[in-house]
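Keep in mind that what you see is a predicted model, and the values were worked out from it rather than measured.
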Amino acid sequence: MLTFIVEEALAGRDTELKATTIAMAVFGRGSDFDQQSDPIVRLEARKLRRDLDNYYAGHGRDDPIRISIPKGHYIPKFTPQEPMAHEGDPSNEKSTGDQKHEATPRTGRYIGLASLVVICTAVLVGLGLWHGRLEGRAPTEARGTVNKVSILVEHFEPRTDDALVSLVASGLTNELAADLIRFPDLAVHLASEPVARGSGSASNANRTPAVEFVVTGDVWRDGDELQVRTNLVRRADFEVLWSERYTEGTNGQSITDIQDSISSLVASTIGQQYGYALRDVRAERLVDRNDPTLRGFACVASAQIYRRTYHRDQYQAARDCLEATVREDPEYVRAWAMLAYLRNDAARFGHEKELSRDAAFALAKQAAARAIDLDPQDTDALQAMSHVEQYAGDMERSIEFARRAVEVNPNDPAALANLAIRYGIAGRFDEGVPIMHRAIDRSVAPPPFYFHLLAADHLIKEEWEELVIDAEHASADGWSFGQALLAIAHSNLSNEAAARDALARLSELDPLLYEDPKAWLESHRMNAVLVEAVTQGLSEAHVFVGE
C-alpha cells in the first residue's frame, strides 16, 4: 500500500488516491467495492501509520525525508527532518550559532522530484516493503539495511501414514527452525504445519514471506530404519544448493545429530553464498545436549502440535506420552518443559480430576523447575515457568521468565508472543502489542491465540471494526475467548445476527465464559481493566440480542 500511494503521488496522481482506487489496485477488490461494508483500506492505513511511526522512531530516525499519511486522507506527505543526535557522535558535541543558521535554509530547500524518488525508495527498502521486488537481485542487495539472510523452513513431509514418522517430521521441522533461529545472521520463518493448514484459519492466508532460501525435507521408514532427506533451495532461481540423506541409528547417529548436521550445513552453505561464515551461538550453550529416543522426540512433537490449538481431544495422549518419556529419560530438557505446559493446562482447563487445582499447579512448577535446572537457557523451559508463575499469581516473575526467554533467543516468535501475552495479562498493552506484532511478522502461520492480545487491545480502545478482524483470527480452531470478543464487537456495530451467532458458539465452546465471564477471566489472572471490559461487553451483548 505504501509503495502504491508513494508512486502515485510522485507521478502526480495524488488526487486519485481514494479508498476505492487503493482497494482495487492494492487489495484486489472489484469496482463494486463499498468502503462502508469493507473497511480494509481504512484499517490498513491505520496500521501503516503506526508502522511508519515505529520506523521513524528507530531505523528511519536519520532519514532526510519523513513520509506520513495524515488521518482522514490517503495522500502521503513528505517532510524534511533533521538527523537526531546520537550519544558519542563527535559532530554533536559542539554546535555554534552559525552552524544552526546554516542548517535552516538547507532544511527548507526545495527537493527535486528525482531526489525525492531516491529518498522514498530508500525508506521503502528500509521498511522492508519492497523485499518482493528485490528478490531476484543479488542476495546482498535483497537484504537491504537489515543484515540478515531470510530463510523459510518448510514442514518436513512424512512419506507414509506411520504416526511416528508424522510426529518425527513435525518435531524435526520445529527443532530445525529453532536451531537456525540461534544464528543471529539468519531471519528464519517457519511454514505452517498440516494441522494449521487444514484449520481454515484466516490468519494463515497469504503469509508466504519473500525469502532468499528454502529448506525442504521428507521423512520415511525403510524397514526398521528412519530416513530423512533435506534440500536447500535458492529461491531466486530454484537451484538446489545441496541435498542430503540421513539414516537415524547409522554409526550412532541420533535424530538430534541429524538435526544439528542439517542446521550446520544450511548455515555454512548460506555463509558461502555471502562470502562470510555465519556466527553460530549454539556452542555457547551451558549444557551438554541430551539425545532423546525417537519415541521421546515424537512425544515432544505431539505436545507441540497440541499447544498450537489446545484441542482437548489431543491433550491426554500427549500428556501420558510425556510422563512416560521423563520416566525413561529424566535428562530430556524439552520433554520436562513441555510436560510443565501440559500439567499447567490440567489445572487451568480442568483436565485434572484427581488432584486439587493447587496441587496440579505445583506439579507443573516442579516440571518447569526440573527443565530449567537441566538447562537454564532453554527457551521452552523459561516460557513454561512463565506460564506457571502467571497462574500462581506472580505476574512480575512470570514476565521476568518470559523476558529471559526472549533474551536467550530474540528472534524466536514463540518467545516473543509469550512475553507479549504476559504483558497483556498484566494490562501493559502498550508494551505487549508491539512485541506481538513482531512475533506475527516472523510467523508464516501464527497460531490463533497470538491474536487474543491484539483483539483485547482493540476492545479496551473500543476499536470495534479492528476488533472483529483480530477476534476472527483469534477464534479460529475453536478458541472461546475469540468468540466472546466477536460477540462484543458485533453488538457494538449493531450486527445482531453475527452477535447472536458468536454468543451461541461461545455457549457451546465454553459454558463458564458464557455464563460467568468474570470468574473465567479471573481464573486466568487477567487484569482488572480487561475483566471489566469483557464482563460488561458480554452483558451488553446479551441484552442487545434479547437474551
Side-chain angles (χ1 to χ4, degrees), residues 1-82 107-135 144-145 202 205-210 433-434 437 440-441 454 458 461-470 472-473 493:
M1 180 175 175
L2 181 59
T3 301
F4 176 73
I5 64 174
V6 167
E7 289 179 341
E8 291 297 290
L10 294 179
R13 295 188 290 270
D14 50 354
T15 57
E16 300 176 18
L17 286 173
K18 311 290 186 183
T20 301
T21 307
I22 297 171
M24 294 172 65
V26 179
F27 301 108
R29 299 302 197 262
S31 57
D32 59 346
F33 171 75
D34 179 7
Q35 61 178 317
Q36 298 302 318
S37 59
D38 185 354
I40 187 170
V41 177
R42 184 168 66 254
L43 297 180
E44 290 301 321
R46 182 177 298 174
K47 293 178 182 177
L48 184 52
R49 292 186 187 101
R50 181 202 66 211
D51 290 342
L52 285 167
D53 288 341
N54 290 339
Y55 170 71
Y56 287 111
H59 293 297
R61 62 185 180 275
D62 291 330
D63 287 3
I65 294 294
R66 182 186 183 106
I67 301 175
S68 59
I69 306 171
K71 290 185 177 180
H73 303 277
Y74 303 116
I75 301 174
K77 181 180 179 182
F78 307 103
T79 308
Q81 66 173 3
E82 288 284 0
T107 301
R109 187 176 299 160
Y110 171 76
I111 299 176
L113 180 60
S115 299
L116 188 56
V117 169
V118 172
I119 292 168
C120 293
T121 301
V123 170
L124 290 166
V125 173
L127 282 163
L129 297 178
W130 274 16
H131 193 116
R133 296 188 175 192
L134 298 172
E135 188 176 354
T145 59
N206 301 319
R207 291 193 58 88
T208 301
V433 168
H437 280 296
I440 291 172
D441 289 344
L454 306 185
H458 293 315
K461 295 176 179 176
E462 298 185 355
E463 297 171 343
W464 307 121
E465 292 173 337
E466 294 90 335
L467 175 54
V468 169
I469 292 173
D470 282 327
E472 285 178 346
H473 291 326
L493 292 170

[X] versus [Y]: any side-chain heavy-atom pair under 4.5 Å?
X: E465; Y: V468; answer: no
X: L10; Y: F78; answer: yes
X: I40; Y: R29; answer: yes
X: E44; Y: L48; answer: no

I need the [X] [atom1] to [Y] [atom2] distance, nearest 0.5 Å.
X: L467; Y: L493; atom1: CG; atom2: CG; value: 8.5 Å
X: D441; Y: D51; atom1: CG; atom2: CG; value: 7.5 Å
X: R66; Y: L52; atom1: CZ; atom2: CG; value: 8.0 Å
X: I22; Y: R42; atom1: CD1; atom2: CZ; value: 12.5 Å
X: I75; Y: I69; atom1: CD1; atom2: CD1; value: 11.0 Å
X: Y74; Y: F4; atom1: OH; atom2: CZ; value: 13.0 Å

Can you name the side-chain hydrogen bond (donor to acceptor under 3.5 Å, both in side chains) partners of K77, sequence neighbours left out?
none
Can you name the closest pair of heavy atoms from [X] and [Y] and give their distance?
X: A45; Y: M1; result: CB-CE, 3.8 Å
X: A19; Y: F33; result: O-CE2, 3.9 Å
X: I5; Y: P76; result: O-CG, 3.6 Å

Test your reading of the model: is there a side-chain donor-acceptor pair from Y56 to the backbone of D63, 3.5 Å cut-off?
no
Measure from the side-chain N and O atoms of R49 to the backbone N and O of P70, and report whether any donor-acceptor pair falls under 3.5 Å.
yes
Residue pairs passing the side chain to side chain donor-acceptor pair (under 3.5 Å) test with at least one member in residues 11-20, sequence neighbours excluded, are E8-R13
